[in-house]
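Every chain is numbered from 1, with letters handed out A, B, ... down the list of sequences.
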4 protein chains.
Amino acid sequence: MKNQKPKYMQIIDAAVITIAENGYHQSQVSKIAKQAGVADGTIYLYFKNKEDILISLFREKMGHFITDLEEVTRSKNTASEKLLLLIENHFRRLSEDYHLAIVTQLELRQTNKDLRLQINSILKGYLKLVDKILVEGIEKGEFDKDLDIRLARQMIFGTIDETVTTWIMNDHKYDLVGLAPKVHQLLINGCGNKN
Amino acid sequence: MKNQKPKYMQIIDAAVITIAENGYHQSQVSKIAKQAGVADGTIYLYFKNKEDILISLFREKMGHFITDLEEVTRSKNTASEKLLLLIENHFRRLSEDYHLAIVTQLELRQTNKDLRLQINSILKGYLKLVDKILVEGIEKGEFDKDLDIRLARQMIFGTIDETVTTWIMNDHKYDLVGLAPKVHQLLINGCGNKN
Amino acid sequence: MKNQKPKYMQIIDAAVITIAENGYHQSQVSKIAKQAGVADGTIYLYFKNKEDILISLFREKMGHFITDLEEVTRSKNTASEKLLLLIENHFRRLSEDYHLAIVTQLELRQTNKDLRLQINSILKGYLKLVDKILVEGIEKGEFDKDLDIRLARQMIFGTIDETVTTWIMNDHKYDLVGLAPKVHQLLINGCGNKN
Amino acid sequence: MKNQKPKYMQIIDAAVITIAENGYHQSQVSKIAKQAGVADGTIYLYFKNKEDILISLFREKMGHFITDLEEVTRSKNTASEKLLLLIENHFRRLSEDYHLAIVTQLELRQTNKDLRLQINSILKGYLKLVDKILVEGIEKGEFDKDLDIRLARQMIFGTIDETVTTWIMNDHKYDLVGLAPKVHQLLINGCGNKN
DNA sequence: AATGAATGAGACTTCATTCAT
DNA sequence: TATGAATGAAGTCTCATTCAT
């Protein structure tokens with residue numbers, strides 16, 4: 001693990017709260033520092049610059065998430081079951097940390113192209129996991145053998161992402177995790193073997 | 001040689017090019033004005049402020065698009081055919097105007113919440129059209145009668161959106177329109193009547 | 001008379017209204033033009049620049065006023081009576097045109113030094129009239145023969161001016177003209193106990 | 001070599017000099033900052049905005065002045081003597097700081113209504129002191145028992161103010177403080193012949 | 001004479017980052 | 001390590017004035 005020092009995570013957690021509550025453009029370094037209970041300058045002892053806070057935030061929070069997902073899905077036998085677990089975990093994770101959900105779904109997208117490229121590279125792990133499940137499903141005959149993996153992955157990720165974003169935009173007033181089975185069914189139908 | 005385009009559209013087109021080429025945060029009003037071939041102050045004869053350029057841009061470009069889609073889909077009989085037309089048109093529209101694609105998929109999302117709320121309200125027309133197709137499909141027995149329309153809509157929009165974004169992130173090096181039938185098949189399977 | 005063309009006075013009157021209602025800094029040339037019912041550019045056919053409108057405004061409105069005062073005071077025999085007439089006329093004039101009062105007492109003072117120097121030179125005629133009354137009063141034995149004319153003039157003008165300004169600042173909610181006799185008495189007698 | 005003055009007063013003093021020498025409208029924040037020997041941004045660590053500099057300037061410079069006047073006049077027994085002290089101190093204060101005199105008499109009056117309202121509220125203390133002297137003078141029989149206090153106050157303030165402004169407009173080429181006794185005499189006795 | 005669309009210079013303010021302590 | 005006062009670059013918008021019609 002990169003940095004076990006308390007202040008490092010302290011600042012990242014402060015950034016999540018600050019950004020969720022004030023929005024990305026109203027989250028000045030000084031505001032994050034105050035939330036973290038450190039001086040402005042201290043931030044720069046732990047992060048190269050402001051962008052580095054955001055990338056680190058995403059890496060720490062989503063990196064663990066992806067590792068967890070890999071472990072969890074290993075326990076299931078079928079691709080379909082793995083996909084359900086993935087969706088459920090994804091939804092649960094963001095349901096449990098509403099601040100983080102706002103930050104990753106809404107606020108972190110207001111950043112420039114460079115930052116988003118770096119975020120995408122972190123997301124690659126997630127997409128690779130989806131691909132692995134798809135390949136396995138095809139091999140096992142659960143999914144259509146002519147399935148275009150790239151498109152299927154985009155459908156799965158796009159649907160999950162859009163579902164979460166809509167949930168946030170509606171002030172998370174309904175149960176997100178409860179939607180998992182239905183979303184799973186939709187996606188399985190999409191990938192499914194028609195015959 | 002006078003430019004016959006009214007200044008209003010001239011400035012919007014200049015904004016699309018400038019933002020696509022320089023990124024949202026590097027598209028100063030002065031840069032847009034220079035691209036449009038007008039003085040900085042002229043911008044403010046046609047737009048209330050910078051944000052107004054962006055909202056107008058989206059409304060002009062996407063508003064027409066939605067109206068067009070409504071007309072085009074009317075010509076087809078089945079919901080499935082309508083959905084295919086919708087996907088094809090969406091892909092074609094953004095394929096044909098790569099600058100616009102970058103702006104709507106990447107750059108316009110870096111804006112503040114207010115602006116995105118306005119953009120979302122314009123998008124409502126698109127989402128309503130998707131809903132209409134879904135309802136029709138269910139009534140005609142093409143789609144599962146227990147289909148959750150909101151989730152299906154999120155799948156359709158999320159998949160299309162993610163497909164376009166990925167295409168742009170990969171520097172549009174493959175044919176987007178050509179993907180339409182396969183994307184359509186994936187989505188139809190998802191919504192489809194299983195029995 | 002300098003300019004008898006209707007538009008000239010039309011623009012000056014529009015300037016008085018616009019400045020009185022919106023304040024000096026919110027009275028753009030375009031706003032004055034709209035109030036006058038002419039195009040922006042037309043203003044520049046009658047005035048060299050914006051400052052010229054203000055100077056002309058002051059000259060037209062106050063120039064006549066000073067000429068009038070000279071005539072009116074000629075009818076009286078004593079300096080004291082002349083001073084009373086001067087005060088009464090000054091107060092009446094501004095009471096009758098509240099817009100003009102606001103403009104000359106408050107708004108026109110927010111201008112730069114150059115403009116105020118020109119305004120002061122117009123005011124010279126007024127101050128000369130006061131001086132003439134003072135000299136006459138001394139010669140006739142009404143006033144102290146050792147009176148410092150410059151200081152006395154500053155007292156008279158300063159007192160009148162301050163009285164009008166205070167009246168405006170209090171939203172002209174009391175009768176200004178009615179104060180004339182008392183102000184006159186003060187100036188003639190001062191605060192002193194005569195016995 | 002560090003400047004020991006706290007930055008707050010350093011900036012206010014710089015503003016007085018800058019405004020006196022360049023005029024209000026040519027006193028950009030950057031010019032004041034340069035005069036103060038600080039960076040532009042530093043201004044905003046001590047003042048909310050540009051207007052706040054001016055209000056603070058007036059409060060610091062005139063607030064103390066009014067407090068001083070209250071103390072000084074307490075040492076005298078008669079209202080007449082107190083008035084003389086007030087005039088002398090007023091004149092001396094502005095004679096000694098010519099820059100400040102220009103700023104308060106000419107430049108600060110070119111500001112918008114909001115700012116002037118705030119300035120007026122600071123001036124209230126001065127006017128109250130005048131009122132106190134007048135009341136005392138009436139009670140002691142020095143002044144006419146029928147004296148209209150509001151008008152008398154306007155005469156006193158108006159005369160003093162006009163005298164200072166005229167002195168500045170004449171490039172302070174004569175001794176202002178030396179005028180105090182005569183101004184005092186005028187105000188006490190008026191223009192009238194005492195015989 | 002009259003129009004009014006177009007011009008473009010100019011300034012306040014913010015905030016990521018630094019560095020002396 | 002930690003601080004936080006100080007920095008200074010950079011951009012949106014206004015509005016007096018012009019000039020082609």
Side-chain angles (χ1 to χ4, degrees), chain A residues 5-8 10-11 25-34 36-54, chain B residues 2-3 6-8 10-11 25-34 36-53, chain C residues 5-8 10-11 25-34 36-54, chain D residues 2-3 6-8 10-11 25-34 36-53:
Chain A
K5 292 202 197 91
K7 292 234 165 116
Y8 176 80
Q10 195 176 323
I11 292 167
H25 287 294
Q26 278 308 304
S27 295
Q28 297 83 354
V29 170
S30 62
K31 208 177 261 174
I32 294 172
K34 182 178 259 182
V38 301
D40 295 16
T42 305
I43 299 267
Y44 291 86
L45 298 175
Y46 295 91
F47 300 90
K48 212 168 67 226
N49 50 36
K50 189 180 181 183
E51 195 174 288
D52 190 30
I53 306 177
L54 304 174
Chain B
K2 245 181 309 173
N3 194 331
K7 290 245 158 62
Y8 176 78
Q10 193 175 324
I11 291 166
H25 288 294
Q26 277 308 304
S27 295
Q28 297 84 349
V29 170
S30 62
K31 210 176 260 176
I32 295 173
K34 183 177 263 182
V38 299
D40 293 16
T42 305
I43 300 269
Y44 292 88
L45 297 176
Y46 296 91
F47 300 92
K48 218 170 59 231
N49 50 36
K50 190 181 178 182
E51 192 174 292
D52 191 31
I53 306 177
Chain C
K5 293 202 196 92
K7 292 238 164 113
Y8 176 80
Q10 194 174 325
I11 290 166
H25 288 294
Q26 278 309 302
S27 296
Q28 296 83 354
V29 171
S30 62
K31 208 177 261 175
I32 295 172
K34 182 179 259 182
V38 301
D40 295 15
T42 306
I43 300 266
Y44 291 86
L45 298 176
Y46 295 91
F47 301 90
K48 212 169 66 229
N49 50 35
K50 188 179 181 183
E51 195 173 288
D52 189 31
I53 306 177
L54 303 175
Chain D
K2 246 182 309 174
N3 196 329
K7 289 246 157 62
Y8 177 78
Q10 195 175 325
I11 291 167
H25 287 295
Q26 277 309 304
S27 295
Q28 298 84 349
V29 170
S30 63
K31 212 177 258 175
I32 294 173
K34 183 178 263 183
V38 300
D40 294 17
T42 304
I43 301 267
Y44 292 88
L45 296 177
Y46 296 91
F47 301 91
K48 219 169 58 230
N49 49 36
K50 190 181 179 183
E51 191 173 293
D52 190 31
I53 306 177

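- Comparing B:N49 and C:Y44 by the nucleotide of DNA chain F that holds the closest heavy atom to each, the one mapping nearer the 5' end is B:N49.
- C:K31 has its NZ atom 10 Å from the P atom of F:dA16, to the nearest Å.
- One finds the CD1 atom of D:I32 at 4.5 Å from the CD1 atom of D:I53 (value rounded to the nearest 0.5 Å).
- The distance between atom CD1 of B:I43 and atom P of F:dG11, rounded to the nearest whole Å, is 15 Å.
- For A:E51 and E:dT17, the CD to C1' distance is 14 Å, given to the nearest whole Å.
- Separating the CD1 atom of A:I53 from the C1' atom of E:dC15 is a distance of 13 Å, rounded to the nearest angstrom.
- In this structure, C:I11 places its CD1 atom 12 Å from P of E:dA1, rounding to the nearest Å.
- Here the C1' atom of nucleotide F:dT12 and the CZ atom of B:F47 are 16 Å apart, to the nearest Å.
- Between C:Y8 atom OH and E:dA1 atom P the separation is 15 Å, expressed in whole Å.
- With sequence neighbours excluded, the residues satisfying ring-ring contact (aromatic ring centres under 6.0 Å, His included) with A:F47 are A:Y8.
- The heavy-atom pair separating D:V29 from D:Y44 by the smallest distance is CG2-OH, 3.7 Å.
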message: Walk along nucleotides 4-11 of chain E from 5' to 3' and tag each nucleotide B, S or - by protein heavy-atom contact under 4.0 Å, base first, then sugar-phosphate.
response: B-BBB--S
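- For the pair D:S27 and A:K48, both in contact range of DNA chain E, the more 5′-proximal nearest nucleotide belongs to D:S27.
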- request: Treat a base pair as Watson-Crick or G-U wobble with both distances under 3.5 Å, then lay out DNA chain F in dot-bracket form, 5' to 3', with | for cross-strand pairs.
  value: .||||||||||||||||||||
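- The line from CD1 of B:I11 to CG of B:L45 is 8.0 Å long, rounded to the nearest 0.5 Å.
- For the pair C:K50 and C:Q28, the tightest heavy-atom approach, listed with the atom from each and the gap, is NZ-CA, 4.3 Å.
- Under a 3.5 Å cut-off, the side chain of A:K31 and the backbone N or O of A:Q26 do form a donor-acceptor pair.
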